[in-house]
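Below is one structure, written out as structure tokens; comments come after it.
Values below: all heavy atoms of this structure, side chains included; hydrogens, waters and symmetry mates excluded. Chain letters run A, B, ... following the sequence lines, proteins first and then strands; every chain starts at 1.
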2 protein chains.
Amino acid sequence: MPVAGNIAPRKRRAISRSDIVLVSSTMFQERGYDRTSLEDIARALSVTKPSLYYHFASKEDILLECVRVSYVKFRGELAHRDNPLLNGRMRAEIFLRLYLEVISQDMGVSMVIADDRVMSPSGGEQYLAWKRELNNDLESRLKAGIQDGSIDVSETHLTSFAIFGMFNWVAQWKVSGNSFSVDEMFERFTDVIFNGIGGRR
Amino acid sequence: MPVAGNIAPRKRRAISRSDIVLVSSTMFQERGYDRTSLEDIARALSVTKPSLYYHFASKEDILLECVRVSYVKFRGELAHRDNPLLNGRMRAEIFLRLYLEVISQDMGVSMVIADDRVMSPSGGEQYLAWKRELNNDLESRLKAGIQDGSIDVSETHLTSFAIFGMFNWVAQWKVSGNSFSVDEMFERFTDVIFNGIGGRR
DNA sequence: GTAGTTACCTACTAGTTGGTAACATTTGGA
DNA sequence: TCCAAATGTTACCAACTAGTAGGTAACTAC
């Protein structure tokens, strides 16, 4: 099973699963999952549609793989950056910073734009499970922050949703031409979330 | 041109534009615009597809009308609730409270889930213009708040995006079974936005 | 060289979709 | 009562879609 990184370039250029995932996630993000046909993807890769079926069982499979790859990447990098000695607020910030970085990339955005309604029951369940994991992770960081005093909020569940909403929505404007850097978005978002925008009463 | 609210019920039940808009927006929200066919809509109204074409020129026209109706409703009610004597923060809260109410309704949600990428250039431009109006309105309330001291934030553009993202995302979970009341969402969201969740440093 | 495998292609099916043309029926008004 | 407009319907099309069947060239191991 040849993977990417062959030393000797083959005469016959073979596309890999990761090629497909990369191109697909970009197109899903630009045009939407429903409006991206397998022929579009195949054409972008200079192959034909049945070639895609050699590598993937279905269109949904491609989408799920896009999400899985990004999710695994996120988890791995998070484990790397995380530090259990830090307080809850800082660990929440680490989480959110990485989350923003990932969903700002073409590939990572599939984590956000995927829709369990277009998926098979098992696929949808898998996708929802990943989302739930992320929610739970952020929520537990918030709770830790409440414990150690670095965060002050009366409830974590809806708060976590609110925060995710704010971040996830960037996937929506990316497409409308609005482009901000990850740095300025993170700066602004966390300022709103942690400091609030209220002035003197 | 008979509008809704006929006193005498006709023998031949004629569907109105608002009937179509009501059913369509509900279905668009539940299943997504792309995955809702005109036949689905027609069937739900117990008519046939060409009947819809008597009332609307295209599928996009239906979507745009869904958005327009909600937008006009929002604008009208906002003018009613608004009070120029209040400070910027309170006027922002009035805006956000109504916005949340509207997009929490089946019909209002179309304002959020519409996607200019599926529209014709002119339709997309119209839709973006409405969105821009809303953004500008919120932003000007934030700016007024900065002037009168009721809001304290260094920048309004990205902040406005952040806030809209947080609210708009509720349209995404509605469908996943998460249901919170407008009251608790508004309470939580505004608490995060205005007070922040940061604890002692 | 040859056998097996990998990775792709051409050609197709079966179904859906937005949209249209032509025709039918109901209704309100004169 | 009769007409014209309003509001449907049946029957269709052309385009597109996910997915499949079956064949083939190239590479690999022996």
Side-chain angles (χ1 to χ4, degrees), chain A residues 1-21 23-24 27-28 31-66 114-115 117-120 123-124, chain B residues 1-21 23-24 27-28 31-66 114-115 117-124:
Chain A
M1 193 189 306
V3 198
N6 318 20
I7 311 234
R10 304 274 174 72
K11 277 258 165 61
R12 176 181 195 162
R13 168 203 47 77
I15 62 169
S16 65
R17 278 173 68 96
S18 45
D19 291 333
I20 298 175
V21 164
V23 166
S24 299
M27 297 185 81
F28 289 159
R31 317 161 56 163
Y33 177 76
D34 290 305
R35 291 180 296 282
T36 304
S37 75
L38 291 174
E39 292 235 342
D40 292 335
I41 297 171
R43 202 178 309 121
L45 286 161
S46 304
V47 293
T48 56
K49 192 169 42 158
S51 299
L52 302 178
Y53 279 93
Y54 178 79
H55 297 278
F56 289 95
S58 65
K59 190 183 179 185
E60 176 184 333
D61 241 46
I62 298 179
L63 176 60
L64 275 172
E65 178 68 3
C66 291
D115 185 344
R117 291 174 299 174
V118 306
M119 299 179 186
S120 64
Chain B
M1 193 189 306
V3 197
N6 317 22
I7 312 238
R10 305 273 174 73
K11 275 261 163 60
R12 175 182 195 166
R13 171 202 44 75
I15 61 170
S16 65
R17 276 173 69 97
S18 46
D19 290 335
I20 297 175
V21 164
V23 166
S24 299
M27 298 184 82
F28 289 159
R31 319 161 56 162
Y33 178 75
D34 290 305
R35 291 180 295 282
T36 303
S37 75
L38 291 173
E39 291 234 343
D40 292 334
I41 297 171
R43 202 178 309 120
L45 287 160
S46 303
V47 293
T48 56
K49 189 169 47 157
S51 299
L52 302 179
Y53 277 93
Y54 177 78
H55 297 279
F56 289 95
S58 66
K59 189 183 180 185
E60 175 184 333
D61 242 46
I62 298 179
L63 176 60
L64 275 173
E65 178 67 3
C66 292
D115 185 344
R117 292 174 299 174
V118 307
M119 300 180 185
S120 64
S122 69

Quick one: Leu52(A) CG to dT17(D) C1', roughly how many Å, whole number?
14 Å
Less than 4.0 angstrom between a side-chain N/O of Tyr54(A) and OP1 or OP2 of dA7(C), yes or no?
yes
Nearest-Å distance, CE (Met119(A)) to C1' (dA18(D))?
16 Å
Presence of His55(B) side-chain N/O under 4.0 Å of dG8(D) phosphate oxygens OP1/OP2:
yes
Only one of Ile62(B), Leu63(B), Ile41(B) clears side chain to side chain contact (heavy atoms under 4.5 Å, CB included) with Thr36(B); which?
Ile41(B)
Rounded to whole Å, how long is the line connecting atom CZ of Phe56(A) with atom P of dA18(D)?
15 Å
In a check of side chain to side chain contact (heavy atoms under 4.5 Å, CB included) between Val47(B) and each of Asp19(B), Ile15(B), Ile20(B), which one passes?
Ile15(B)
By side chain to side chain donor-acceptor pair (under 3.5 Å), which residues pair with Ser58(A), not counting sequence neighbours?
none
Partners meeting side-chain contact (heavy atoms from CB on, under 4.5 Å) with Tyr53(A) (sequence neighbours left out)
Leu38(A), Lys49(A)
Distance in angstrom units between Ile15(B) CD1 and dT25(C) P, rounded
19 Å
Using modelled atom types only, decide if a donor and an acceptor are shared between the side chain of Arg17(B) and the backbone of Phe56(B) within a distance under 3.5 Å.
no
Contact letters for nucleotides 13-19 of chain C, in which S counts primed atoms plus P, OP1 and OP2 and B counts the base, heavy atoms under 4.0 Å:
----SBB
Could you tell me whether the phosphate oxygens of dT10(C), OP1 or OP2, come under 4.0 Å of any side-chain nitrogen or oxygen in Thr48(A)?
no
With rounding to the nearest 0.5 angstrom, report the CD to OG distance, Glu60(B) to Ser122(B).
6.5 Å
Distance in angstrom units between Asp19(A) CG and dT6(C) P, rounded
18 Å
